[in-house]
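Every chain is numbered from 1 and lettered A, B, ... according to where its sequence line falls, protein lines coming before strand lines.
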Protein chains: 2
Amino acid sequence: MSKQSLESIRVFALGGVGEVGKNMYVVETDEDIFMIDAGLMFPEDDMLGVDVVIPDISYIVQNKDRFRAIVLTHGHEDHIGALPYILRKVNVPVYGTKLTLGLVEDHLKEKGLRKKSDLRLIHERSRIKVGQIPLSFFRVNHSIPDAVGICVHTPQGIIVHTGDFKFDQTPVDGKFTDMNTLTNVGKKGVLCLLSDSTNAERPGTSPSETSTGEGIKEVFQEATGRIVVTTFASNVHRIQQVIDAARKQNRKIAVVGHSMKKVIDIARGIGYLEYPDELFVDTDKVNDLDNDKVTILCTGSQGEPMSALTRMAKGAHRQVTIESGDTVIIAANPIPGNEKSVSRIIDFLYQIGAEVVYGDKHVHASGHGCQEELMLMLNILKPQYFIPVHGEYRMQHAHGELGEKAGVDPNNIFLIDKGERVEFTNGKAKQAGKVPSGNVLIDGLGVGDVGNIVLRDRRLLSEDGILVVVVTLDKKNGGIRSGPDIISRGFVYVRESEELLEEANNKVSATLEKCMSENVNEWSSLKSSIRDVLSRYLYEKTRRRPMILPIIMEV
Amino acid sequence: MSKQSLESIRVFALGGVGEVGKNMYVVETDEDIFMIDAGLMFPEDDMLGVDVVIPDISYIVQNKDRFRAIVLTHGHEDHIGALPYILRKVNVPVYGTKLTLGLVEDHLKEKGLRKKSDLRLIHERSRIKVGQIPLSFFRVNHSIPDAVGICVHTPQGIIVHTGDFKFDQTPVDGKFTDMNTLTNVGKKGVLCLLSDSTNAERPGTSPSETSTGEGIKEVFQEATGRIVVTTFASNVHRIQQVIDAARKQNRKIAVVGHSMKKVIDIARGIGYLEYPDELFVDTDKVNDLDNDKVTILCTGSQGEPMSALTRMAKGAHRQVTIESGDTVIIAANPIPGNEKSVSRIIDFLYQIGAEVVYGDKHVHASGHGCQEELMLMLNILKPQYFIPVHGEYRMQHAHGELGEKAGVDPNNIFLIDKGERVEFTNGKAKQAGKVPSGNVLIDGLGVGDVGNIVLRDRRLLSEDGILVVVVTLDKKNGGIRSGPDIISRGFVYVRESEELLEEANNKVSATLEKCMSENVNEWSSLKSSIRDVLSRYLYEKTRRRPMILPIIMEV
């Protein structure tokens with residue numbers, strides 16, 4: 001037996017399992033480590049004040065002598081968004097397809113990292129080597145062009161990572177998920193499959209992207225006023241279909257939204273969007289055109305407060321305000337967690353008098369395969385081991401059940417959490433320990449400095465506000481020179497609660513005098529006593545628990 | 001023409017339009033005012049720290065000499081939950097059906113208001129007079145028994161309020177929405193209809209409650225371990241079906257969750273739930289029974305952190321912990337806004353190893369009619385005027401479109417917001433002005449004292465925390481005696497940000513010295529200067545905007 005086949009191969013996720021977002025998968029041998037995808041995630045509701053969340057890559061940094069490359073499956077934020085932060089710590093070559101690298105380049109330029117980075121173009125037929133490990137690729141269908149899956153050719157067998165995929169039978173650009181390559185790989189034999197679990201709970205098949213084009217065309221045929229279309233900036237095929245519908249109705253298109261403009265520029269620059277120059281107009285020309293000649297293509301499909309759509313709806317956009325008679329197409333579904341903000345913008349648009357097209361009007365289709373498509377992938381590849389990824393636990397679980405249905409031995413199905421390693425030795429796999437993993441919170445410019453304590457404090461503050469109690473003591477005799485003064489924020493409306501705050505003040509004074517008389521003048525004891533008496537009193541009177549911050553000064 | 005028919009009748013909503021929750025509808029003449037329903041709403045995401053929200057009834061209080069009664073359609077929280085707060089301000093008779101009053105009584109007892117209140121029992125055949133205004137009722141089908149709609153017999157014609165309803169063709173208790181009364185009312189002629197818009201965007205018909213019983217029975221037939229069922233405490237029919245399924249499988253039932261226990265007691269006490277005494281066991285007996293003899297019926301279907309289901313899942317319940325081998329049926333859908341917390345509890349249950357049944361497994365059905373049922377109501381009653389209620393704006397809008405389809409003149413359809421009055425004179429209606437309306441936020445014991453300022457502060461605090469800057473000045477010469485001291489909470493992790501806070505401190509010192517030297521010692525100017533220099537510095541360094549609270553003491 002060759003030395004190589006005795007080598008162990010470890011596979012784990014630093015993000016993207018037990019969650020939808022911040023995908024980061026790692027393949028590791030004793031000599032080489034490489035990463036598949038480097039995504040970010042938007043914060044959960046309880047991560048107050050946090051901008052984005054990225055995976056904790058301590059393990060990679062600790063082993064950077066073996067870390068060879070980052071390989072990207074496609075250009076969505078949850079697959080490339082963490083790159084600038086990662087590359088600042090471990091600068092390795094980044095492999096990606098044309099559109100993917102186009103979007104990556106743009107991110108890196110914004111953060112001033114383009115010059116230092118080593119971006120290497122691959123395509124679906126490429127064969128590369130990462131350290132000692134050969135990789136090949138295959139085209140997949142997704143809601144962004146240039147998406148690929150990855151084959152890792154190890155001595156023990158092929159490990160396949162699907163990337164995000166569906167099997168669209170009428171793809172907009174005519175490019176199908178590459179069944180030929182996949183069936184050949186399946187014939188060779190697949191050691192392990194890592195596959196996209198996002199829609200594993202949904203039966204049937206994901207509607208074709210082309211069907212959304214038909215839905216959109218119908219709206220364009222009917223509408224007599226202006227048409228506003230909002231969708232995900234990265235959905236180039238959807239944008240192409242909007243372009244086609246607008247051309248058919250002789251409408252011009254104005255683009256509102258920084259990210260939308262960027263994607264359109266990048267995509268057109270590499271030939272992924274097709275349109276005549278004169279189709280697009282500047283936003284400030286919109287008001288000069290007849291209503292039935294106007295299309296506005298914008299971001300804001302999730303109802304984000306500062307987004308283009310919301311600003312145009314609320315009259316906060318300098319050039320365009322949505323009005324009665326406009327038709328607004330929301331060509332996107334709410335990402336889980338965003339349901340309320342999407343409902344809110346729909347309500348608002350109706351109240352202005354706009355016509356709103358959304359939901360089951362066939363103007364959106366998911367880019368992730370549903371159960372039939374996931375079964376198809378499993379049946380084509382017939383993997384010996386199966387690791388469902390890219391999903392929350394119940395999605396991984398549902399995908400695992402599909403794996404069983406497809407004939408994978410239930411003992412060979414691993415529902416892993418972040419950091420949990422699956423180790424292959426001699427073609428056999430088992431779960432083997434855990435590497436450090438977790439969330440790194442990014443708030444403003446700070447990376448990772450907002451941790452549990454800061455979040456916990458923000459939560460407390462958000463619930464019942466804060467009471468600051470300031471006392472100035474005499475350095476020599478320890479007596480009170482000034483105060484206690486109580487200032488509150490976010491607790492009660494002060495003008496209506498004078499009595500309450502006065503009484504609270506009296507309680508603190510009394511407690512301080514008691515401490516003085518008992519010769520308790522150690523600051524921590526004083527602060528504890530203040531905190532105790534106040535929290536008890538306030539809870540009794542209000543059933544609220546504001547944060548209490550005693551501050552002692554000395555003169 | 002009689003004096004009465006010259007009288008104007010005004011109809012408006014103080015809650016329940018432009019939102020799902022806190023239903024409160026008002027009918028008013030020059031002599032009398034009465035209220036239909038008095039509900040509460042759970043806070044929106046941005047109402048930080050708020051417990052519940054109720055309608056602002058200033059208008060009712062201002063006109064309490066004319067205020068005669070509150071009439072309840074059914075016992076859901078969003079129709080009765082505000083009663084204790086309302087009755088404290090305006091104590092009038094409350095009319096309701098048996099189960100409705102049973103639940104109301106319980107609420108009032110908890111708040112010590114039972115003795116003072118005047119609860120009057122009605123049933124579907126009752127005819128009452130509220131002031132000069134005759135009311136009659138009709139039975140409707142909903143997800144709680146004893147639900148009725150109301151007919152208001154005015155000199156100008158009948159105003160019908162449907163309450164919450166569906167047309168279930170196989171109702172669990174055999175009680176149908178009363179088509180006979182409705183068709184007779186329709187024949188007489190309906191001046192105006194106020195109807196339930198909750199599911200107005202959903203095509204087709206709402207599944208029958210009985211179908212959920214079949215779904216539940218199937219799970220009971222298959223499961224070999226313990227079964228945990230969570231549903232809304234008020235869904236008495238669902239509980240009856242769980243009881244029936246458990247009996248069939250010779251399983252005992254333990255109830256976990258205070259509100260669930262209460263509803264079961266009240267409902268059984270009036271004959272709305274049927275079961276043999278020995279079916280229910282105390283929770284502390286659960287662990288003595290064989291697994292296949294156990295059913296646990298509990299609250300927590302929305303994934304609320306302190307609810308029974310979550311506590312049992314996380315090992316925080318004294319007697320019951322959910323384990324691998326248990327089957328958990330989530331017989332409820334996430335209320336909009338709760339999607340993430342429901343997903344989270346499902347994930348968690350899967351991770352423990354429980355089997356989870358939810359979603360499209362036919363274990364839940366909405367209590368609100370979908371489009372076909374709403375059309376049926378419109379076609380039966382053929383109202384001259386139509387006011388869609390009980391929904392967010394887009395639901396009212398969609399319901400309005402159904403009204404048009406059913407032949408109501410589009411000019412006679414009013415999509416009202418809270419406080420907007422529809423006035424009927426001589427059988428003709430028009431929108432006529434607005435009465436005061438709004439949200440009253442309840443936080444702990446405080447009713448209405450948490451307003452915009454307090455919420456705004458809580459929001460700021462939740463984003464980037466707070467920095468408190470304390471300085472002690474000398475009373476005589478205005479110089480600095482102590483400080484500046486900077487204490488932060490929820491902003492940065494102090495141990496890692498010493499440099500930042502030190503530099504911030506220096507900036508504040510420098511600013512103060514500058515102010516001193518320029519003889520600026522007015523406190524408000526000093527505070528402004530501190531705030532300015534700090535916010536600029538911190539934003540530059542961190543891109544964060546913590547609240548800055550300068551405090552000046554004097555000795």
Side-chain angles (χ1 to χ4, degrees), chain A residues 18 44-45 48-49 201 203 336-337 339-340 343 346-348 350-351 356 359-360 392-394 397 443-446 449-451 453-455 457-466 468 470 472 481-483 485 487 489-493 496-497 539 541-544 547 549 551 553-555, chain B residues 18 44-45 48-49 201 203 336-337 339-340 343 346-348 350-351 356 359-360 392-394 397 443-446 449-451 453-455 457-466 468 470 472 481-483 485 487 489-493 496-497 539 541-544 547 549 551 553-555:
Chain A
E44 299 283 310
D45 282 342
L48 295 166
E201 294 171 289
E339 293 86 354
K340 287 234 103 176
S343 302
I346 293 174
D347 277 346
F348 197 83
Y350 269 127
Q351 281 167 331
V356 191
D360 58 358
E392 292 183 7
Y393 190 83
R394 66 191 180 289
H397 186 275
D443 183 353
L445 296 179
D449 65 310
V450 171
I453 294 179
V454 175
L455 279 188
D457 281 350
R458 287 181 187 173
R459 262 169 238 143
L460 277 170
L461 290 167
S462 76
E463 279 291 311
D464 288 321
I466 184 170
V468 183
V470 195
T472 312
R481 293 293 304 272
S482 185
D485 281 349
I487 303 97
R489 288 285 186 275
F491 171 49
V492 290
Y493 185 42
E496 289 180 355
S497 314
Y539 186 72
K541 288 293 167 192
T542 67
R543 285 285 180 277
R544 296 182 200 167
M547 179 183 287
L549 186 54
I551 300 178
M553 310 278 283
E554 231 182 24
V555 291
Chain B
E44 300 283 309
D45 282 343
L48 294 166
E201 294 171 290
E339 293 85 353
K340 286 234 102 177
S343 304
I346 294 174
D347 277 347
F348 196 83
Y350 269 126
Q351 280 168 331
V356 192
D360 59 358
E392 293 182 7
Y393 190 84
R394 67 189 181 289
H397 186 274
D443 183 353
L445 296 179
D449 64 311
V450 171
I453 294 179
V454 175
L455 279 187
D457 281 351
R458 286 183 188 172
R459 261 169 240 143
L460 278 170
L461 290 167
S462 75
E463 280 290 312
D464 287 321
I466 185 171
V468 183
V470 196
T472 312
R481 291 294 304 273
S482 185
D485 281 349
I487 302 97
R489 287 286 184 275
F491 171 49
V492 288
Y493 186 42
E496 290 181 353
S497 314
Y539 187 72
K541 289 292 168 193
T542 68
R543 286 283 181 277
R544 295 180 201 170
M547 180 183 285
L549 186 55
I551 300 178
M553 310 278 286
E554 231 180 23
V555 291

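Contact tally against chain B (heavy-atom pairs below 4.5 Å) for A:Gly18, A:Gly483, A:Ser343, A:Gly359: the top residue is A:Ser343. Between chain A and the residues B:Pro203, B:Ser462, B:Gly337, the largest count of heavy-atom pairs under 4.5 Å involves B:Ser462. Between chain A and the options B:Tyr539, B:Phe348, B:Tyr393, the largest number of non-hydrogen pairs under 4.5 Å is found for B:Tyr393. Among A:Glu554, A:Gln351, A:Arg481, the residue with the largest count of heavy-atom pairs under 4.5 Å with chain B is A:Gln351. Of the listed residues (A:Ser497, A:Gly465, A:Gly451, A:Pro336), the greatest number of heavy-atom pairs within a distance under 4.5 Å of chain B belongs to A:Pro336.
Proximity of A:Ile487 to B:Ile551: side-chain heavy atoms (C-beta onward) are separated by under 4.5 Å at one or more points. Contact check for B:Ser482 versus A:Thr472: no side-chain heavy atoms found under the 4.5 Å cut-off.
Residue contact with chain B, scored on non-hydrogen atoms closer than 4.5 Å, is absent for A:Leu460. If you measure heavy-atom distances from A:Val470 to chain B, the contacts under 4.5 Å come from both the backbone and the side chain. Only the side chain of B:Leu549 comes within contact range of chain A, with heavy atoms under 4.5 Å apart.
Contact record, A:Arg543 with B:Leu445: CG-CG, 3.4 Å, taken as the closest heavy-atom pair. Of all heavy-atom pairs spanning A:Asp347 and B:Glu392, the tightest one is OD2-OE1, 3.1 Å.
In this structure, the side-chain contact (heavy atoms from CB on, under 4.5 Å) partners of B:Arg544, at least two apart in sequence or on a different chain, are A:Asp443, A:Asp449, A:Val450, A:Arg458, B:Asp464, B:Phe491, B:Val492, B:Thr542, B:Pro546. Legend: residues meeting ring pair (Phe, Tyr, Trp, His ring centres under 6.0 Å) with A:Tyr350, ordered by chain and number and at least two apart, are B:His397.
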